[in-house]
There are 2 protein chains.
Amino acid sequence: MEWKKLFPNFEPELVELIEKNAVQRSFNAGDIIMRTGQYIKSTALVLEGQIKIYRENPDGGEFLMYYLGPGQACAVSMICAIQSTTSEIMAKAEVESEVLMVPVQLMDDMMNKYKSWYQFVIQTYRSRFDELLSVVDNIAFRNMDERLEFYLKRHAEKTGKKTFEISHQEIADDLHSSREVISRLLKKMEQRNLVKLHRNMIELV
Amino acid sequence: MEWKKLFPNFEPELVELIEKNAVQRSFNAGDIIMRTGQYIKSTALVLEGQIKIYRENPDGGEFLMYYLGPGQACAVSMICAIQSTTSEIMAKAEVESEVLMVPVQLMDDMMNKYKSWYQFVIQTYRSRFDELLSVVDNIAFRNMDERLEFYLKRHAEKTGKKTFEISHQEIADDLHSSREVISRLLKKMEQRNLVKLHRNMIELV
DNA sequence: AGTTACCTGTGATATTGATCACAATACAAA
DNA sequence: TTTGTATTGTGATCAATATCACAGGTAACT
């Protein structure tokens, strides 16, 4: 598996170190990779697939925060790993995914020795923080119709596909809304010629 | 100024380095310390006062994310400084505040040399990330009444005071709501004996 | 073909919060 | 004391969204 190509800035020595110590794991669509309250023993680098990072509400709600794709890493797992504290979020494989688990014991050492790792970690924090900011923006300032459009657009960008296999109920869960509202808003978008609706599938135009 | 006491874990060498290179700045209540789109040239350590970190919406809205108090640092300024990118948030002094500005050029060096600084940076990322998560939780899962209670409780915790000098309008701005709504909810809280309302002042019971 | 389990569409109604309008109050300055 | 200004209280109304109720469609399995 040519995982190095996903992290082209890592120096050869670092690549070697990771290769020696990390474990590659496969997840099926729907598998939970990390759950709220769990202790984290390694940092996750995504090689393939798509990981959904979301927040769970005790009284039964989910809320999508962002997706991780190949070449990205979970900022929360980095921080938790370093501090050996528990995670506050859930991570689920959206599709079949491959993840490289780098043991936490290496983290300190890698941060010191490898500039490229240090940069990568900082870059990861930065991106996730920004994504969280845009999530806050959306729920604080936007109505559901705009949030839905943003949601679909983001998905298209992430996957590069213009079809999206998902039910209205799942979208409602991600946006913490209700199925009926999403159905109605999608209908309106269809009337505006932004999407075409099918069963379990939305086509972006 | 005995700023070291606020950062008891910093090694003496690190303290000395900071002392030699950092600049202490004073801000009056209401001063903007950092604005959206601005390039960041130093990392801010709060020595005294209270800094409000908030998000600004192009079409005229603010949204409070969290406060920084003495001994805390701005995670955004750290990340931006390292990457020499622009900030995506606003920082404003809520009261007279003292801030230590550590030039960005030192950051890399300090991260490598001083374990205590490294730990501090990680700890800062972690805390701010968690705070952002709880912000997301609140707006995603809670109604305004709960958000208001959380807002008041958090303020009490941060300041240690049980009185809060603020107008209903300002609270509404922080929560991105409207003055009337906040007034009504506060009245209800008063009826439940959770607060006593005065002009420009709320007393927590 | 019949059954079952999901999806989707749509009306009716309820709730939350935003907005408008205006009154009442409190403090400060003249 | 008067006047002015900012703050607060409150009713009425509106908009967005959640919730309930139910109908019809579509795929999957027997």
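- Ring pair A/Phe7/A/Phe10 is parallel by interplanar angle, where below 30° counts as parallel and above 60° as perpendicular.
- The nearest whole Å value for the distance from the CG atom in A/Asn200 to the P atom in D/dG25 is 18 Å.
- Distance, A/Ile139 CD1 to D/dA16 P: 19 Å, rounded to whole Å.
- With D/dT17, C/dG9, C/dG17 as the candidates, the nucleotide lying closest to the side chain of B/Asn143 is C/dG17.
- The separation between A/Glu170 atom CD and C/dC7 atom C1' is 11 Å, rounded to whole Å.
- A sub-4.0 Å separation between OP1 or OP2 of D/dT8 and a side-chain N or O of B/Lys187 is absent.
- Regarding contacts with the backbone of D/dT7, every side-chain N or O of B/Ser183 stays at 4.0 angstrom or more from both OP1 and OP2.
- For A/Glu180 against D/dC20, a side-chain-to-base donor-acceptor contact under 3.5 Å is present.
- Comparing C/dG17, D/dA18, D/dG9 by their nearest atom to the side chain of A/Ser178 picks out D/dA18.
- Set against C/dG17, D/dG9, D/dT19, the side chain of B/Met144 has C/dG17 as its closest nucleotide.
- Between the base of D/dA27 and the side chain of A/Arg199 there is no donor-acceptor pair shorter than 3.5 Å.
- Protein atom CD of A/Glu190 is 15 Å distant from nucleotide atom C1' of C/dT10, rounded to whole Å.
- There is no side-chain donor-acceptor pair under 3.5 Å between B/Ser127 and B/Glu131.
- Closest contact between the side chain of A/Leu197 and the listed nucleotides C/dT19, C/dG9, D/dA18 involves C/dG9.
- Look at CD on B/Glu146: it is 11 Å from P on C/dT16, rounded to the nearest Å.
- Residue B/Leu175 contributes atom CG, which lies 15 Å from atom C1' of C/dT16 at whole-angstrom precision.
- The aromatic rings of A/Phe164 and A/His155 lie parallel to each other, with less than 30° between the two planes, well short of the 60° mark.
- Atom-to-atom, CD of B/Glu165 to P of D/dT8 comes out at 12 Å; the value is rounded to the nearest Å.
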**OP:** Report the C-alpha distance between A/Ser97 and A/Glu48 in whole Å, list the side-chain angles of each, state the deciding distance to 0.1 Å, and finish with yes or no for side chain to side chain donor-acceptor pair (under 3.5 Å).
**Re:** CA-CA 5 Å; A/Ser97 301; A/Glu48 218 184 299; over 6 Å; no
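- Rounded to a whole Å, the CZ atom of A/Arg179 is 14 Å from the C1' atom of D/dT17.
- For B/Ser167, whose side chain is taken as the heavy atoms from C-beta onward, the closest listed nucleotide among C/dG9, D/dT17, D/dT7 is D/dT7.
- Applying the 6.0 Å contact sphere to NZ of B/Lys115 captures more than 12 heavy atoms from other residues, nucleotides or ligands.
- On a pure distance criterion of 3.5 Å, a polar donor-acceptor pair joins the side chain of B/Arg184 and the base of C/dT19.
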